[in-house]
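Encoded as structure tokens, the structure appears first; notes follow it.
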2 protein chains.
Amino acid sequence: MSNEKALQQYDVKKYRTPDGYTSDIAVFTITSEQKEVFKPAEMELKLMLIQRSALDSEGRPNIEASKWALPGGFVEETESAFESAQRELMEETGVTGIHLKHFGVYDKPGRDPRGWIITNAHYAIVPETKLVHRQANDDADKVELFTVEEVLNLDLAFDHREIIKDAIKAITNDLLQTTVARNFLPDHFTYSELQAVLMTVTDDPAIHLKQSFQRKIKMLPFIEEVPGETTNRTSKKPAKLYRFNDVEVGSSIYTRAY
Amino acid sequence: MSNEKALQQYDVKKYRTPDGYTSDIAVFTITSEQKEVFKPAEMELKLMLIQRSALDSEGRPNIEASKWALPGGFVEETESAFESAQRELMEETGVTGIHLKHFGVYDKPGRDPRGWIITNAHYAIVPETKLVHRQANDDADKVELFTVEEVLNLDLAFDHREIIKDAIKAITNDLLQTTVARNFLPDHFTYSELQAVLMTVTDDPAIHLKQSFQRKIKMLPFIEEVPGETTNRTSKKPAKLYRFNDVEVGSSIYTRAY
DNA sequence: CAAATAGTGTCTGTGAGACACTATCCG
DNA sequence: CGGATAGTGTCTCACAGACACTATTTG
């Protein structure tokens, strides 16, 4: 392979290279507060942020200290940014197999005072139960959940305000345009549970209205009824259970009622 | 601002950093071949690739020589990857104001034999007319257009096969889910011209069937008729002209006929 | 029984899809 | 006039949305 000769002569330091390559994660969860038994839960979409500590892990003053930020860290040479995000999410929540998706790159000159640092932004969907043992680590004073309204009023580190805005846009879009909502739900769920998840990100009356949504769910090709099974967790009358199947979704804005 | 003290102690070389940060561009165009007058054009989606030259601009053996590749180059410290892509596209086509969109990051260890090199992938939509004076440059032997069927049979450099597959997926999706199709069309277009663009990426009968699509176009909120104007460029009978307006599109898979 | 959520019967309007037709212009 | 594309009239079926109702369970 003639690449060998070319490689011998290639000077890896010919170009100015970035000072850092990092991965950040917007960890979303839906808190579902069941006020009473036999009631559908009230759900709220929340984002997990850390408050950067005053001193870093080596005892030196930390950059952007005391500001709120997305969890994240430096990508290692042996991994991709996505793998790095998986690793960090594992370290943070102790859980693997979490829905994780890349949604943007942030590399504007000056975005990080430490130098030319590029970050890959991901969002993760973590069931609330997996966040119970969330904990501050070396770099963080506190770990807290914020609603999407609260979060933009915080004092945020770096360009994380912009990243978070994009993250909210990305998850909203994906919840409505793909079947990622399944990651917020148990395997078998009632119409009102799915509805509650979707209502956290849309005001669409077709989703908010009980009968419309109830009728619609039966006609969706990517959702099927679980035959025979019912649950009482949302009401006194037993409710049918549904599950996502693997039918692909996808059409065009030119062909459907939009 | 207490960042100052932190910055003084921050060692920018603490972490292993990437060996390069690049931007690649999948330049798409639709070639429209009008076989006869008064006929709608037959359109085909094509991708512009360069063939890497044997020697680089400094006369040394080039890496991945003679393979086909996406145009691209190193990002400079003073710009973002997106700006770098804009600059490269300008250098390549001599045109600005082109539709350009980031669709992915490729950073798998080993993807580039020269080292730890991260690339940002973008796709661009360039009207065929703006590609007429396309030309080989220092790094490229040839510049050519390929159909999406042809392109995957070529000997492609680096991981560009994967990037190109993703680019095709991204543009297909965007053409059907957003109004980017406008970038392939004149400001005022006939129903058959829009139809021809969409047919390059979908087999949906609702788009292929004349009367269905003709009726549908009138009801789309983001397209409006240009009052009074007609054209004969696609038929003997004068055809109505339409234009995109700025109504936003967006709904959910749970609420419409999918 | 009242109360609360789940779920259905039915009507109306709208639009998708199919068929057949008309309209306009060129040569 | 024939031929080609643009565009309409009309019917049918399916579904969204609204209203009013029924069903199942708890306390």
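Every chain is numbered from 1 and lettered A, B, ... according to where its sequence line falls, protein lines coming before strand lines.
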Kindly indicate, with the supporting measurements, whether the criterion salt bridge (Lys or Arg N to Asp or Glu O under 4.0 Å) is fulfilled by B:Asp174 and B:Lys101.
-> CA-CA 10 Å; B:Asp174 285 356; B:Lys101 189 175 167 191; 2.8 Å; yes

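- Put simply, CE on B:Met219 is 16 Å from P on C:dG13, counting in whole angstrom units.
- Only one option out of B:Leu70, B:Leu49, B:Ile163 pairs with B:Leu156 in a side chain to side chain contact (heavy atoms under 4.5 Å, CB included); it is B:Leu49.
- Summarising the geometry, the separation between CZ on A:Phe213 and P on D:dA18 is reported as 16 Å, rounded to the nearest angstrom.
- The backbone N or O of B:Leu198 sits nowhere less than 3.5 Å from a side-chain atom of B:Thr202 that would complete a donor-acceptor pair.
- A 4.5 Å side-chain heavy-atom check between A:Thr31 and A:Met43 finds every atom pair outside the cut-off.
- Rounded to whole angstrom, the span from the NE2 atom of A:His208 across to the C1' atom of D:dG17 amounts to 16 Å.
- Salt bridge annotation for A:Arg87-A:Glu83: absent, with no cationic side-chain nitrogen under 4.0 angstrom from a carboxylate oxygen.
- As rounded to whole Å, 11 Å separates atom P of D:dA6 from atom CD1 of B:Ile217.
- Atom NZ in B:Lys236 sits roughly 12 Å away from atom P in D:dA6 (whole-Å rounding).
- In terms of phosphate contacts, B:Ser235 brings no side-chain nitrogen or oxygen within less than 4.0 Å of OP1 or OP2 of C:dC25.
- A sub-4.0 Å separation between OP1 or OP2 of C:dA6 and a side-chain N or O of A:Ser192 is present.
- Atom OH of B:Tyr254 and atom P of D:dC15 are 19 Å apart (whole Å).
- Taking all atoms of both residues into account, the shortest heavy-atom contact from A:Val249 to A:Gln177 is CG2-O, 4.3 Å.
- Between A:Leu209 and B:Thr190, the residue whose closest nucleotide on DNA chain D is further toward the 5' end is B:Thr190.
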Could you write out each protein N or O paired with an N or O of nucleotides 7-12 of chain C at a distance under 3.5 Å?
unit_1	atom_1	unit_2	atom_2	d
C:dG7	OP1	A:Lys240	N	2.6
C:dG7	N7	A:Gln214	OE1	3.4
C:dT8	OP2	A:Lys218	NZ	2.4
C:dG9	N7	A:Arg215	NH2	2.6
C:dG9	O6	A:Arg215	NH1	2.9
C:dG9	O6	A:Arg215	NH2	3.4
C:dT10	O4	A:Arg215	NH1	3.4
C:dT10	O4	A:Arg215	NH2	3.4

